[in-house]
Amino acid sequence: MHVHGIGVAGTLQSNDCLVRVEPFSKIEVTLESSVKNEFGDHIEHLIRENLSRNDITHCKVTIEDKGALDCTIIARLQTAIERSQG
């Protein structure tokens, strides 16, 4: 699967996250989160693992997290990837 365009999913409400994916020359993850110090490494690993499972090797992911659970982050990422397909 490839990221062909820009895909966005989620909200900036509490316990949610806003995820944006777009084509890029490599995998790059940018995370803004109020819990970045505590869970930033975990969230980035979760994103990279999910991209790898979907065989995505060229993508920029920007995530604005408002305390989302792992299942929410994954769902938002999957939706953003699907929306990037056009």
Side-chain angles (χ1 to χ4, degrees):
M1 183 183 295
H2 295 283
V3 172
H4 297 290
I6 295 172
V8 179
T11 71
L12 293 175
Q13 294 180 352
S14 183
N15 299 319
D16 200 354
C17 61
L18 183 66
V19 176
R20 175 186 169 107
V21 298
E22 57 190 291
F24 200 64
S25 60
K26 60 181 181 175
I27 296 293
E28 181 176 300
V29 178
T30 302
L31 172 66
E32 293 295 326
S33 175
S34 58
V35 294
K36 187 174 181 175
N37 290 339
E38 296 87 355
F39 300 107
D41 291 342
H42 172 74
I43 293 169
E44 185 169 339
H45 175 75
L46 188 67
I47 296 290
R48 290 180 181 276
E49 183 179 283
N50 197 267
L51 292 173
S52 178
R53 258 191 239 137
N54 286 290
D55 295 322
I56 296 174
T57 56
H58 297 84
C59 175
K60 181 176 181 178
V61 178
T62 305
I63 179 169
E64 293 181 59
D65 173 52
K66 299 295 182 184
L69 297 175
D70 288 3
C71 57
T72 302
I73 295 169
I74 292 169
R76 298 304 191 204
L77 177 62
Q78 284 295 122
T79 301
I81 291 168
E82 289 172 15
R83 288 179 178 169
S84 78
Q85 305 302 305

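Of all heavy-atom pairs spanning V21 and A80, the tightest one is CG2-O, 3.4 Å. Residue L18 comes nearest to G10 through the heavy atom pair CD1-O, 3.4 Å, listed as atom of the first residue, atom of the second, then distance.
The structure places CZ of R48 at 10.5 Å from SG of C59, a figure rounded to the nearest 0.5 Å. Between the CD1 atom in I81 and the NE2 atom in H4 there is a gap of 11.5 Å [rounded to 0.5 Å]. Expressed to the nearest 0.5 Å, how far CG of D16 lies from CD of E64 amounts to 11.5 Å. Atom-to-atom distance recorded for K66:NZ and C17:SG is 11.0 Å, nearest 0.5 angstrom.
Salt bridge absent: K36 and D65 never bring a charged side-chain N and a carboxylate O closer than 4.0 Å. Using a cut-off of 4.0 Å between Lys/Arg side-chain N and Asp/Glu carboxylate O, R20 and E22 are scored as salt-bridged.
Panel note: side chain S52, backbone E49; no donor-acceptor pair is recorded below 3.5 Å. Checking side-chain atoms of R76 against main-chain N and O of A9 turns up no donor-acceptor pair under 3.5 Å.
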Verdict with supporting geometry, I63 and T30, side chain to side chain contact (heavy atoms under 4.5 Å, CB included):
CA-CA 6 Å; I63 179 169; T30 302; over 6 Å; no
**Request:** Check step by step if side chain to side chain contact (heavy atoms under 4.5 Å, CB included) holds for K60 and V3.
**Result:** CA-CA 9 Å; K60 181 176 181 178; V3 172; over 6 Å; no
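You'll find the side chain of L77 reaches within 4.5 Å of the side chain of I47, heavy atoms only. Residues Q78 and N54 are in side-chain contact: their nearest non-hydrogen atoms beyond the backbone lie under 4.5 Å apart.
Within 6.0 Å of CG on D41 lie no more than 12 heavy atoms contributed by other residues, nucleotides or ligands. Counting heavy-atom neighbours within 6.0 Å of Q13 CD, excluding the residue itself, gives a total of 12 or less.
Follow the hydrophobic side-chain contacts under 4.5 Å out from L31 and you never reach F24; the two are in separate clusters. In the hydrophobic cluster analysis, where Ile, Leu, Val, Met, Phe, Trp and Tyr join through side-chain heavy atoms closer than 4.5 angstrom, L51 is grouped together with I73. Hydrophobic clustering places V61 together with L46 (ILVMFWY residues linked when any side-chain heavy atoms are closer than 4.5 Å, directly or through intermediates). Put simply, V19 and V29 are part of the same group of oily side chains (I, L, V, M, F, W, Y) that touch within less than 4.5 Å, one to the next. L12 and F39 are assigned to two separate hydrophobic clusters, defined by single-linkage of ILVMFWY side chains at heavy-atom distances under 4.5 Å.
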